[in-house]
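Notes follow the structure.
As the structure lists them, so they are numbered: ligands from 1, and atoms in each ligand from 1. In what follows, residues are counted from 1 in the order of the sequence shown. As the structure is a computational prediction, the values presented were derived from the model and not from experiment.
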Amino acid sequence: MNTTVRHSLGQYDVEVTGLRVVLDGLGDDDMIVTDDHVRAAVNLERDCFSIKPGELSKCLAVYGEVMDWLAQRASRSSRVVALGGGVVGDLAGFAAATFMRGVRLLQVPTSLMAMVDSSVGGKVGIDLAAGKNLAGAFWPPEKVQVPIDALGTLPSRHFTNGAAEVWKYAAIMDPALFDRLSSKPLALSDPNPAETVMRCIELKRVVVEGDEHETTGGRATLNFGHTVGHAIEQSMGYQGILHGEAVAIGMVAESLLGERLGLTDKQTTERIRGGLQSQGLPIKLPEGLDSRNLLEPMRRDKKADRNGLAFSLVSEIGTCKLLRGVAESDVLSALEKL
Ligand code: GLY
């Protein structure tokens, strides 16, 4: 199962394969960046840079450590291998984009989240104290190798976390996939997870080829649930909640916002809420989180401009659009209905 993603500097293949094939194919020029869970799960014995799992590692300090590690062993002909989930892919990808002004990158996503979303499209970056993904680059990989058997090493909470992005693709672009998920949520035991993974990659390919650098608003529609989701993650200091969990809450909140703005009908919100709940994802703000505290991080969202906040909103299942200049009072009212 393969696809090819075209971009302004060329193209790259995304191929579904197995972990052993990927690891056996690595050579001396490959600089592996991974995390402690993945390193243990794949029994990686060769030299690598291994980070503590979790969003807190996607920071300037750890980025600096990766760069120093590369400086001691890599050259311009080296290739950075991002072996892990979304955090590893973003951090290692940003190191690849900036080490010696850019070296080759191989994305090897081992989490469902990274397989269906973050490893494809060339976005790499780290978080700053002021906000998520605020330092970054567009740095297309040389290739994406998806080791589908790595899903078997995922704890179930992390599998469900990645399922949130699958629901997102279904909600914004694929009514048939949404129907399929609604009748049977994703499960680790699914006989053919590669088919769903490739479907999401294919949907993302179409969007990123149309708006690689997120300038026309097309790519920003992939942010459904993310404006609120990123604000939740940030308000909680990236602790106690995973990215997909925050995005799930964000998708419900943003559907309620769409209703308030006359774009989303009530039935669509209910289908999204019911589907995410059936997948085991959270659909309410975490206990103790004051919705007013989400406004400040939302103001620093990359889609916001001087006209106000911007949201990707679903009008009906399978169709979405970017709405700019959204008033904070409308956002607060939607959050209060969660
Ligand atoms: N994860 C959204 C994007 O790549 O644009």
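Remark: Trp139 pairs with no residue by the ring pair (Phe, Tyr, Trp, His ring centres under 6.0 Å) rule, at least two apart or across chains.
Closest to atom 1 (N) of ligand 1, if we only count protein heavy atoms, is Asp117 OD2, 3.0 Å. Arg219 NE, 2.7 Å is the protein heavy atom nearest to atom 5 (O) of ligand 1.
When non-hydrogen atoms are compared, ligand 1 lies under 4.0 Å from neither the backbone nor the side chain of Val208.
Ring geometry for His213 against Phe138 counts as perpendicular: the plane angle is over 60°, on a 0 to 90° scale with 30° as the lower cut.
Legend: ring-ring contact (aromatic ring centres under 6.0 Å, His included) pairs involving residues 82-121, not counting sequence neighbours, sorted by first then second residue: Tyr63-Phe94.
Listed by atom number, the atoms of ligand 1 under 4.0 Å from Lys123 heavy atoms are 3 (C), 4 (O), 5 (O).
One finds the CD1 atom of Ile201 at 5.0 Å from the CE atom of Met198 (value rounded to the nearest 0.5 Å).
Salt-bridge formation is detected for the pair Lys168/Asp117: a Lys NZ or Arg NE/NH1/NH2 atom is positioned less than 4.0 Å from an Asp or Glu carboxylate oxygen.
Scanning Lys168, Met113, Glu165, Lys204 for the heavy atom closest to atom 3 (C) of ligand 1 points to Lys204.
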